[in-house]
Structure formats: C-alpha cells, structure tokens
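First the structure, in the form of structure tokens, and then the observations on it.
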Amino acid sequence: MAHSPSIFLTLFAFVLLLGPLIVLHELGHYWAGRIFGVKAETFSVGFGKELWHRIDKRGTRWRIAAFPMGGYVMFAGDADPSSKPSADTEGKSREALAGTMAGAALWQRALIVLAGPFANLLTAILIFAAWALAYGVAYTPPIVGGYSKDSPAQAAGIAIGDRVVAIDGAQIDDFADIGPKVALYPGQVVQIVVDRAGRQLKFPVKIRMDQSKDEFGNTLSRGLLGISHVDPEIRRVGPVTAFSYGTVSSLETMRVMAIGLKQIVVGTFSVKELGGPLKMAKLSGERLSLGWPEFVGFAALISINLAFINLLPIPTLDGGHLAIYAAEAIRRKPLGLRSQELAFRIGMAFVLAFAVFVTVNDLAGMFL
C-alpha cells in the first residue's frame, strides 16, 4: 500500500487542481459576457477577504480572495456574487439596461450562464483528446478472456471466448463499454447477449457488488460481472478522431455521474458515496503523488464534475439561473425580484447545508 501524501503536498495539489478549474469556469462566463456586450464589474477567484486586486482598462476588478473554494464573475446589473438581479434593474427598458446582465436578451443570458460549465467540459475534452493524440486509443474487443472468483457471468453460463454484444439492449462495441453498464447496478439482474460461434445467446446475470481498496486504502464499491478481457490494441488517431474520443468520453462520464446521483437520491447507493472538499483534497494529493499523468486525468474528471454540479437546477448555481430563464421564457416576462430573491435564499440555504453535510461525511469517512 502506498504512503499517504503529506499535508503540504495535499494542500498544494488541491489548490493546483481547483484554482485553474475555477478560473476556466469563470472565464467562460466572462468571455461570453464580453461577446454579448455585458460589462463584468468583478472577477473573483475565491470568496471572502481580498488578498490582491487589479482594475483593468474596462473597469473590471480582478481579485484573489482568502477562501479559495469557488469564485464568481459579477456583471453590471447583478446585486451580488450570486448574480441575482439588482433592484435598480426592475421596470427599466432594454435601452436603459444596455451593458448589464438584465439588459441582455434572454438567449444571450442563457449562453453566458452555460459558458461556465461548457468551459469545464471543454477542458476535460481537450485533456482526453491530448492523451489520445499522445498515446493513442486503446481498443479492447468485448470478448470474455477469463473469470474472477465467484464470477456471476460464469455462473450464468457465459463462456470464455464469448463476445458481449449487448447489455439490457445497449450495444457493446468495446470492453470499456461494459463497466458503465454494470458498475452502478450491483444486485440487479441484466440481460446480456453474447455471440458464440455466430449464434446469439441471451443470459440473465445478477451483478455482484465488489468492494476493494486502492493503494491508499480508499474503499471502492462497484458492480461487477466477474469477467476479464483479452489483450487490448493501441490505435493511433488524428486530431479529429482524438477530439471525438475526448467528447464521447467526457459526455459518457457526465452521464455516469447523473446516474450515480440518481442512485443516491433513490437510495440504491449510500450517501456515504458523496464526497466534499476534504475528500477532493485527499484524492488530489494522492493522484499527484502518483505522477502528473494521474493528476491531470483526475483534473479532467473533477472538471466534468464541476460542469455537472453547476448544471443542477438549484438557485445560485448555473442550472438554477437557467431554470429561472426557462420560467421567464414560458411566462414571456421575467420573474419578480421578490420571487427571485426567495429562490436564491432557498438555493443558498440548500448549498450551504449540502456543503456542511458532505464535509461531515468526509470527516466520518476519514476518522471513523
């Protein structure tokens, strides 16, 4: 088992991980705002006491704050860093609100909000694409090469040499496609279609829950079929294929995150699976201690995670703003400021309560 990294390395890795991802997220908002003529009054990395600032020629205050967990862009017309509209904007004409967030067209505001999560998603896509260009793409045919102990696939009658064609109707083209179809569904029965010497056979297989520990002692829980793969082949790819690979990989990762969240909400997985800033810091230190490739790969996953979380329809998050804009599109007029204020207060209370919960969850996982 590997030694846990020092506190210094963990803190350094955490800042190195989160800082650039936050900046890229907020730069997405900032540049989209500039494209549509909305003035950014403040660009902040972190919250709380200001440690450094500079005001550029456009009047934007660029600042670094003491608490690095997050950041924001405050546009003209925003009441505060949560980006709810200022009371001064209510009832004014589009011309009077020129250059403010409230004065932008609804579709422009939506794109400005979407630009933050998109920047994080694009970051992950480019990381995966760069890896594909540098190292090629591994292709492993979905052929059963062997079994693990107590393999449910073997017990169901699947044989070595069978080619997995589909799982619950979803086509399988690569052995890597199997994991996402079973990892989140321990205890469930899936219908697996295999090709055996030109004949297609169907087997019901109950996915086994597997718990193992990584080199740092972290417990990993996942569903398994108990099969191993044959030797992979590495395929060299060009820029277009690499970008396509990065896009598909990133979107599939986000889809798995959505399924995982649903599983936690409905009770299939324990809330202990949720991690907060302490767990993220611990994992970032561990990944960096294993080398830069491991750390950069972890950064790609966290970047996708930031995009996913920010798209949740919770006021104060980007998804909450999009939900308010959707309501405005349906009503054909903005929600009243009092309604928006109430929504943002509820959203902020939820976010703070969730932050406390996952932090306690992290502490319990580390010390209990």
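Note that the structure is a prediction, hence the values are computed from the model and not measured.
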*How far does CZ of F36 sit from CZ of F75, to the nearest 0.5 angstrom?*
11.0 Å
_Is there a side-chain contact between S44 and R63 in this structure, where contact means two heavy atoms from C-beta onward sitting under 4.5 Å apart?_
yes
*Which value, rounded to the nearest 0.5 Å, describes the distance between M348 atom CE and L317 atom CG?*
9.0 Å
*Short question: side chain of T123, backbone of A119 - any donor-acceptor pair under 3.5 Å?*
yes
*Would R235 and E233 pass as an ion pair if we require N to O under 4.0 Å?*
yes
*Quick one: OG1 on T253 to CZ on F308, what's the gap to the nearest 0.5 Å?*
12.0 Å
_Donor-acceptor contact present, side-chain R196 to main-chain D162, <3.5 Å_ = no
*When rounded to the nearest 0.5 angstrom, what is the spacing between CZ in R332 and CG in L106?*
11.0 Å
*asked:* Do T10 and S289 make a side-chain contact, defined as non-hydrogen atoms from C-beta onward lying under 4.5 Å apart?
replied: no
*Look at the side chain of R331 and the backbone N and O of P334, then say whether any donor-acceptor pair between them is shorter than 3.5 Å.*
yes
*Would you mind telling me which of V190, I172, D168 makes a side chain to side chain contact (heavy atoms under 4.5 Å, CB included) with K181?*
I172
*Look at the side-chain heavy atoms of Ile, Leu, Val, Met, Phe, Trp and Tyr, link any pair under 4.5 Å apart, and say whether W31 and W62 land in one connected group.*
yes
*Is a side-chain N or O of R109 found less than 3.5 angstrom from the main chain of L322, in a donor-acceptor match?*
no
_side chain to side chain contact (heavy atoms under 4.5 Å, CB included) for S148 and L224? Distances and angles first, verdict last._
CA-CA 10 Å; S148 65; L224 289 179; 5.8 Å; no
_Test item: T42 side-chain N/O and M74 main-chain N/O as donor-acceptor pair under 3.5 Å_ = no
*Is any side-chain heavy atom of K279 closer than 4.5 Å to a side-chain heavy atom of K282?*
no
*Can you check whether L290 reaches R287 side chain to side chain, under 4.5 Å on heavy atoms?*
yes
*At their closest point, which heavy atom of L306 faces which heavy atom of L21, and how far apart are they?*
CD1-CB, 3.7 Å
*What orientation do F350 and F354 show, parallel under 30°, tilted 30 to 60°, or perpendicular over 60°?*
parallel
_P141 and V230, any side-chain heavy atoms less than 4.5 Å apart_ = yes
*Following the transitive rule for hydrophobic clusters with a side-chain heavy-atom cut-off under 4.5 Å over Ile, Leu, Val, Met, Phe, Trp and Tyr, establish whether L126 and W131 coincide in one cluster.*
no
_Residue pair G223 / P186: nearest heavy atoms and the distance that separates them_ = CA-CB, 4.1 Å
*Which value, rounded to the nearest 0.5 Å, describes the distance between I112 atom CD1 and Y30 atom OH?*
12.5 Å
_Donor-acceptor check, side chain of Y245 to backbone of L133, threshold 3.5 angstrom: yes or no?_
no
*Identify whether V193 and I158 are in the same connected component of the hydrophobic contact network (ILVMFWY, side-chain heavy atoms under 4.5 Å).*
no
*Is it true that atom CZ of F12 has more than 12 heavy atoms of other residues, nucleotides or ligands lying nearer than 6.0 Å?*
no
*What class does the angle between the rings of H29 and H25 fall in, given that below 30° is parallel, 30 to 60° is tilted and above 60° is perpendicular?*
perpendicular
_Using the rule given for side chain to side chain contact (heavy atoms under 4.5 Å, CB included), can you reason through Y135 versus I234, listing the C-alpha separation, both sets of side-chain angles and the distance that settles it, and then say yes or no?_
CA-CA 8 Å; Y135 304 111; I234 302 299; over 6 Å; no
*State yes or no: do I127 and V256 share one hydrophobic cluster built from I, L, V, M, F, W and Y residues joined by side-chain heavy-atom distances below 4.5 Å, directly or via other members?*
no
*Flag, side chain of S303 to backbone of A299, donor-acceptor distance under 3.5 Å*: no
*Could you walk me through whether F118 and L111 pass the side chain to side chain contact (heavy atoms under 4.5 Å, CB included) check?*
CA-CA 10 Å; F118 176 76; L111 288 180; over 6 Å; no
*Rounded to the nearest 0.5 Å, how far does CG of L121 lie from OG of S250?*
5.5 Å
*Is there side-chain contact between F175 and V164, with at least one heavy-atom pair below 4.5 Å?*
no
*So, does S151 use its side chain to make a donor-acceptor pair with the main chain of L225 at under 3.5 Å?*
yes
*Which pair of heavy atoms, one from H229 and one from T140, lies closest together, and at what distance?*
CB-CG2, 3.6 Å
*Looking only at heavy atoms, what is the nearest atom pair of G48 and A65, with distance?*
O-CB, 3.8 Å
*For G260 and L184, which heavy atoms make the closest approach, and how far apart are they?*
N-CD1, 3.8 Å
*I22 with L283, same ILVMFWY side-chain cluster at under 4.5 Å*: yes
*asked:* Assess the residue pair D80 and K84 against the criterion (salt bridge (Lys or Arg N to Asp or Glu O under 4.0 Å)); give the C-alpha distance rounded to whole Å, side-chain angles, the decisive distance to 0.1 Å, and a yes or no.
replied: CA-CA 7 Å; D80 57 37; K84 65 175 180 284; 2.3 Å; yes
_Beyond-backbone contact of M101 with V73, side-chain heavy atoms, under 4.5 angstrom_ = no
*For the pair I160 and I227, evaluate side chain to side chain contact (heavy atoms under 4.5 Å, CB included) and give the outcome as yes or no after the intermediate values.*
CA-CA 9 Å; I160 291 176; I227 58 175; over 6 Å; no
*Taking the side chain as every heavy atom from C-beta outward, state whether L261 and L312 have any atom pair closer than 4.5 Å.*
yes
Please table the atom pairs, donor to acceptor, closer than 3.5 Å between any side-chain atom in residues 335-347 and protein atoms at least two apart or in another chain.
{"from": "Q340", "atom 1": "NE2", "to": "L335", "atom 2": "O", "distance (Å)": "3.0"}
{"from": "E341", "atom 1": "OE2", "to": "R345", "atom 2": "NE", "distance (Å)": "3.0"}
{"from": "E341", "atom 1": "OE2", "to": "R345", "atom 2": "NH2", "distance (Å)": "3.3"}

*Give the minimum heavy-atom separation between F128 and S249, together with the two atoms involved.*
CD1-CB, 4.0 Å
*Using atom types as modelled and distance alone, determine if a side-chain donor or acceptor of E294 lies under 3.5 Å from a backbone N or O of G291.*
no
_Backbone of N305 reached by a side-chain donor or acceptor of N120 within 3.5 Å_ = no
